[in-house]
Amino acid sequence: MSSPIVKLMAQRIALGILLLLAVSVLIFAGTQILPGDVAQAILGQSATPESLANLREQLGLNQPAYIRYFHWLGGVLTGDLGTAMSSGQDIATSIKDRLWNTLFLAFWAAIVAIPLAITLGLIAVRYRNGWIDKLISGLALASTSFPEFFIGYLLVFYFAVQHQWFPAISTVYEGMPPGERIQAIALPAAALTLVVLAHMMRMTRAAILNVMQSAYVETAELKGLSAFAVIRKHAFPNAIAPIINVVMLNLAYLVVGVVVVEVIFVYPGMGQYLVDHVTKRDVPVVQAVGLIFAAVYISLNIIADIAAIVANPRLRHPK
Amino acid sequence: MSNELDYLSRRVAAGKLSRRDFLGRAAALGISAPFANSLLSSAARAAGPVKGGTLKAGLVGGESTNSLDPALMMTQVPFAFGKCWGEMIVELSPDGKLENRIAEEIGASDDAKTWTLKIRDGIEFHNGKTVTAEDVAATLERHSDEKSKSGALGYMKGIDTIKASGKEVVLTLKEPNADLPYLLSDYHLIVQPNGGKDKPDAGISAGPYKVKVNEPGVRHVGERFANYWQGDKMGHADQVEVVVINDATARTAALQGGQVNMINRVEPKIVDLIKRVPGVTIRNHSGPGHYVFIMHCNTAPFDNNDLRMALKLAINREEMLNKVLRGYGSLGNDFPINASYPLFTEIEQRKYDPDKAKFHYKKSGHDGSILLRTSDVAFPGAVDAAQLYQQSAAKAGIKLEIKREPGDGYWNEVWNKQPFCASYWGGRSTQDQMYSTAYLSSADWNDTRFKRPDFDKMVLAARAELDEAKRKQMYHDMAVMVRDEGGLILPMFNQFIDATGAKVAGWVDDPHQELCNGYALAKCWLEA
């Protein structure tokens, strides 16, 4: 049984790499058509023609685009993301801390959100169409329908301003004691949890309900198994593929979609870093961050695919 | 009664009475809370600064693209943190006079063309090296180099030669300039070892704090510099920290939650709400900053002075001040100078006059609508202000068409390019600096395209004039000219609105810039 799985996995990974390469071209092309250029953005309101010309030359903006693309790609493959044009700092070094911060926040949000979402989904199925199901769905939908900034501000207002249990801003830094760090990210992690919870919960519920229509579930019920046992033993394992899919999608969102939450809580992650550099037209940084985000998406999707294949033997044998 | 309060305020300063009890006592005596607070802060100042603790500021205006290179400082965070670690040649004191720092004495030749700076003895850089005349000269050289990217290049270009000899730096200027010492107080001109020519972003100078953490766009931490040359005046907290909080709501929440001790740029619309929070003090005061609508004097239809006059008369300044700034500002009069400048003179206030506006509009012969571009970034409330303008102009029969431009790219694509748009100026420390930056024919930032050889002559003459009364008259005439013939519509000067939390003492209102001209962290302390 191993060979088809290995072959499929190799195929997926190769496809992923190709996709990433295509994305890199798109990112590079996209950053070229932004209006204005980095020199003008750096100097802003204080730009004079002479200082503009000086800075353009210094930054190598006079070379043609394709040369700059291959130069950049070569650097990325050797682990060199270049230096930020606006501040002259090494991008890889700046991104390392930021990426770690974002992953740290995503990790804690995921640790809370995923088990909670799946459990709530299972409970909702067990009591489907009853008041518990309606309550869970209603609350989850409400938390998703509010914009992130609104949830964030509500949390800040209640837990930071009114009660001062958690800090209103989540500045974390190197060498911060772990306890303090977790306290600092409690509110943004809670906001993110509330944002992704409903999607995962609803998908879990829908996927299991879908399986519940099958004949073998009916058989299990007729055998006299309890409702929970039917769900746990017979329905859930067969619904795992779509659940993993939606979990991965939300994991990716926790990494690349947290810009608003990071800004509200002043969290030094990738989102804020990207926003700052987009407004400065700092092309190398935008490219690097874009590529990392794309890599996160693609690899999480590959993992979801592979997990689905492993979980469902039928997918290993295409018709 | 006031004796009792004096006594009580000293007890608070000495830590023998709680602030809350004091305010309660003051209220019982019929004293308003702001006055009682001001009594407290003067008592705290009199009791002397308290050393120790960490003073934190949550500020808007920081990005991950910021650098410690003083030449590249543009926004509020590098500005405020620069004042913590940097030492200046000369600085403006809160009362508008010059305060010598690294320069012990500044002397000028009679024609104001040659200037001699005498360098103070015994000031030490953070790396242990003593500040010399060569370092000061190298700093000025770096910022006056034609190839420099320095924000101070505009004024520094006027310097012809810089020579250091012994304890003196001698500057010769291309044109006479009586205001040179004021120019040297520009916040970019932080003195660095060898002028920062070797490593401009090393963050080494001779200020009260040493750079300990520099994470652009996130936070900056300074540690007290033990050998700071005037440690009794500044550097009271053991450590200062700037946390970058660009989101206004998050900034206020951080102050209310006690994560920071002070914030900048409180939005006028929420000031009244913040005032109710216990322990929080609003620190608002006027300065030279102003919000404007600018017309290009050389582009049709704005090349017609009657049309410009019609537009100036068609704006309702009082209404705009009350609705956009909620009164936290003062009326503008279509020239960029107000009472915060040392040589300011009053000129009759221009008022909203639809009939007169109609008259000038007819006389200009222009017909049809006029396009005004605005954006959220032009100044806070710029879109609302443009809409108010549209309504007041409509009453004078002038049709304004408002176009809301995206904030991203506004300064590249719209400001200083399009003929009529909203903008702001932070102001400058002298009238010469303000006029030279934006109203001389040759100025790069002449955003009203005001090109008048007679005006240029007046600027140069005033610059060379050392007699103060004569200079005042010259600046008066220049202001009248800009007001009546220029392309500037200046409805209002804005105030700086900062806020501090409980326990912050030592705040000094300073008309030059927000946060005590950037020195709030260095000058304030935490009451025990």
Side-chain angles (χ1 to χ4, degrees), chain A residues 34-37 39-51 54-55 58 84-89 94 97-98 101 149 152-153 156-157 159-164 166-174 184 260 263-268 272-282 285, chain B residues 56 58 62-69 72 74-75 146-154 157 200-201 213 215-219 221 241 243-247 249-260 277 406-413 415-416 423-426 437 443-445 447:
Chain A
L34 286 170
D37 73 352
Q40 201 156 41
I42 291 174
L43 295 170
Q45 208 191 353
S46 63
T48 62
E50 310 99 77
S51 55
N54 290 342
L55 197 58
Q58 192 189 328
M85 284 180 166
S86 45
S87 62
Q89 284 176 331
S94 326
D97 294 347
R98 299 259 182 179
N101 284 345
F149 71 85
Y153 286 152
V156 167
F157 179 70
F159 293 105
V161 174
Q162 296 250 295
H163 293 284
Q164 312 208 344
F166 296 103
I169 49 169
S170 311
T171 326
V172 295
Y173 49 89
E174 226 187 304
V260 174
V263 169
I264 291 172
F265 289 97
V266 201
Y267 189 75
Q272 265 207 342
Y273 187 68
L274 177 63
V275 168
D276 280 359
H277 288 83
V278 166
T279 52
K280 286 276 179 194
R281 307 270 181 275
D282 200 330
V285 177
Chain B
K56 280 191 181 185
E63 294 158 318
S64 37
T65 48
N66 291 148
S67 153
L68 279 179
D69 180 353
L72 302 178
M74 292 244 312
T75 46
E146 281 291 337
K147 286 206 174 116
S148 144
K149 284 173 278 167
S150 173
L153 180 62
K157 271 196 282 198
D201 56 355
V213 176
E215 289 177 39
V218 183
R219 60 183 209 129
V221 179
E241 182 170 341
V243 185
V244 180
I245 313 181
N246 290 325
D247 182 81
T249 313
R251 206 158 58 243
T252 350
L255 181 73
Q256 286 175 269
Q259 274 90 54
V260 298
V277 180
D408 194 17
Y410 188 77
W411 302 114
N412 306 334
E413 314 291 332
W415 175 76
N416 216 358
S423 177
Y424 79 95
W425 276 96
T437 314
D444 289 323
W445 299 344
D447 58 8

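Quick note on labels: first sequence line is chain A, next is B, and so on, each numbered from 1. Given the structure is predicted, the values throughout are model-derived calculations rather than measurements.
- Using a 4.5 Å heavy-atom cutoff, the side chains of A:Y153 and B:D247 are in contact.
- Contact count versus chain B (heavy atoms, under 4.5 Å) is highest, among A:H163, A:Q164, A:Q272, for A:Q164.
- Taking the side chain as every heavy atom from C-beta outward, B:V213 and A:Y173 never approach each other to under 4.5 Å.
- At a 4.5 Å heavy-atom cutoff, B:V277 makes no contact with chain A through either its backbone or its side chain.
- Under the 4.5 Å side-chain criterion, counting only non-hydrogen atoms from C-beta, B:V218 is in contact with A:T171.
- Residue contact with chain A, scored on non-hydrogen atoms closer than 4.5 Å, is absent for B:D69.
- Closest non-hydrogen pair, B:A250 versus A:V266, comes out as CB-CG2, 4.3 Å.
- Ranked by heavy-atom pairs under 4.5 Å with chain B, the list A:P268, A:P167, A:S94, A:G152 is led by A:P167.
- Scanning both residues, A:R98 and B:P216, for their nearest heavy atoms gives NH2-O, 3.5 Å.
- Looking at B:Q256, its side chain never comes within 3.5 Å of a backbone N or O of A:V161 through a donor-acceptor pair.
- Interface residue B:Q259: only side-chain heavy atoms are found under 4.5 Å from chain A.
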